[in-house]
Amino acid sequence: MARITSSVAKSPKPDQPVDSLYARIYATVRSIPRGRVSTYGRIARIVGGCGARQVGYAMAALPDGTRVPWQRVINHKGEISNRKHGSGAGSQRLRLLAEGIHFNFKGRIDLQRFGWPRH
DNA sequence: CCTGTGACGTCCC
DNA sequence: TGGGACGCCACAG
């Protein structure tokens with residue numbers, strides 16, 4: 001289990017990043033309560049040291065069937081971000097509706113009401 | 001090592 | 001309120 005590596009200060013970058021940026025992003029997304037949504041920028045702000053694009057990139061890198069509630073992450077407009085690759089946005093909408101998230105007549109989510117963390 | 005790209009955000013008009 | 005321009009940063013090739 002606990003393998004002690006002798007070469008610690010030798011390698012500039014570890015081959016097994018225990019605390020990778022993606023892991024922290026996923027952990028933060030996982031902390032979003034059901035029935036609430038957050039934004040890429042907000043997640044990036046909480047994680048710290050990264051931009052909103054990195055959060056979106058991390059979401060795109062998620063494998064299928066993940067337990068990370070990626071559908072709860074939207075953009076600052078309160079809209080579902082359009083991704084490059086095919087459908088998934090439709091799936092996201094359905095998942096959010098299933099959680100009780102309401103969309104207004106413009107297809108947007110009221111962040112003042114469903115946003116997380118709460119203001 | 002350098003370049004392009006992307007599920008974004010803020011500023012400005 | 002809406003749309004365009006610029007900035008940002010990690011990752012892949």
Side-chain angles (χ1 to χ4, degrees):
Chain A
M1 284 199 50
R3 181 183 305 174
I4 312 297
T5 55
S6 54
S7 58
V8 179
K10 255 322 184 61
S11 46
K13 60 178 178 181
D15 16 9
Q16 289 281 119
V18 202
D19 189 37
S20 66
L21 176 63
Y22 278 26
R24 282 188 291 172
I25 292 176
Y26 296 149
T28 305
V29 174
R30 216 175 292 123
S31 67
I32 304 176
R34 191 177 186 276
R36 296 254 175 228
V37 294
S38 192
T39 67
Y40 299 95
R42 196 73 77 91
I43 298 299
R45 183 68 176 177
I46 294 175
V47 171
C50 71
R53 293 203 78 109
Q54 279 55 255
V55 177
Y57 206 94
M59 292 301 103
L62 276 173
D64 197 15
T66 176
R67 53 191 174 78
V68 178
W70 52 269
Q71 68 271 16
R72 296 173 191 159
V73 186
I74 59 179
N75 59 31
H76 73 111
K77 303 174 192 172
E79 251 269 323
I80 295 176
S81 291
N82 211 358
R83 69 280 271 146
K84 186 76 162 72
H85 209 38
S87 54
S91 177
Q92 183 172 8
R93 182 188 174 93
L94 290 178
R95 285 170 181 265
L96 291 177
L97 285 173
E99 294 188 358
I101 302 294
H102 294 184
F103 289 83
N104 63 16
F105 67 105
K106 286 184 179 177
R108 294 177 182 169
I109 300 171
D110 186 8
L111 291 175
Q112 294 297 326
R113 182 179 176 187
F114 297 102
W116 184 91
R118 308 261 332 244
H119 180 262

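Letters A, B, ... are given to chains in the order of the sequence lines, protein chains preceding strands, and every chain is numbered from 1.
- Proximity of A:Pro117 to A:Ile46: side-chain heavy atoms (C-beta onward) are separated by under 4.5 Å at one or more points.
- With values rounded to the nearest 0.5 angstrom, A:Glu79 atom CD is found 14.0 Å from A:Thr39 atom OG1.
- Candidate nucleotides C:dA10, C:dG2, B:dG9 were compared by shortest atom distance to the side chain of A:Arg108, and C:dG2 ranks first.
- The nearest whole Å value for the distance from the CD atom in A:Gln54 to the C1' atom in C:dA12 is 14 Å.
- A:Phe103 shares a hydrophobic cluster with A:Val37, A:Ile74, A:Ile80, A:Leu96, A:Leu97, A:Ile101, A:Ile109, A:Leu111, A:Phe114; the chain of contacts runs through ILVMFWY side chains whose heavy atoms sit under 4.5 Å apart.
- A donor-acceptor pair is defined here as one N or O able to donate and one able to accept, closer than 3.5 Å; no such pair exists between the side chain of A:Tyr40 and the backbone of A:Tyr57.
- With a 4.5 Å cut-off on side-chain heavy atoms, A:Pro69 and A:Gln71 count as touching.
- Proximity of A:His85 to the phosphate of B:dA7: no side-chain N or O atom is located under 4.0 Å from OP1 or OP2.
- A:Ile25 is listed as a side-chain neighbour of A:Met59, based on a closest heavy-atom distance under 4.5 Å.
- Contact check for A:Arg72 versus A:Arg95: no side-chain heavy atoms found under the 4.5 Å cut-off.
- Closest approach to the A:Met59 side chain among B:dG6, C:dG2, B:dA7 is made by B:dA7 (side chain taken as heavy atoms from C-beta onward).
- Taking atom CD on A:Glu79 and atom P on C:dG3, their separation rounds to 12 Å, with Å as the unit.
- For DNA chain B, the neighbouring residues in residues 26-50 of chain A, judged by any heavy atom under 4.0 Å, are A:Thr39, A:Tyr40, A:Gly41.
- The nearest whole Å value for the distance from the NE2 atom in A:His76 to the P atom in C:dC8 is 17 Å.
- Computed from coordinates, the A:Lys77 NZ to B:dA7 P distance equals 14 Å when rounded to whole Å.
- Distance, A:Ile25 CD1 to B:dG6 C1': 13 Å, rounded to whole Å.
- Backbone-only contact: A:Lys106 has heavy atoms under 4.0 Å from sugar-phosphate atoms and none from a base.
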So which protein nitrogen or oxygen atoms get under 3.5 Å of nucleotides 3-5 of chain B's nitrogens or oxygens?
none

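- Taking atom OH of residue A:Tyr22 and atom C1' of nucleotide B:dA7, one finds them 12 Å apart after rounding to whole Å.
- Among the protein residues, A:Ile80 comes within range of no part of the nucleic acid, since none of its heavy atoms lies under 4.0 Å from any strand.
- From A:Arg36, atom CZ reaches atom CD1 of A:Ile32 across 11.5 Å, with rounding to the nearest 0.5 Å.
- Shown here is A:Arg24, whose CZ atom has more than 12 heavy atoms of other residues, nucleotides or ligands within 6.0 Å.
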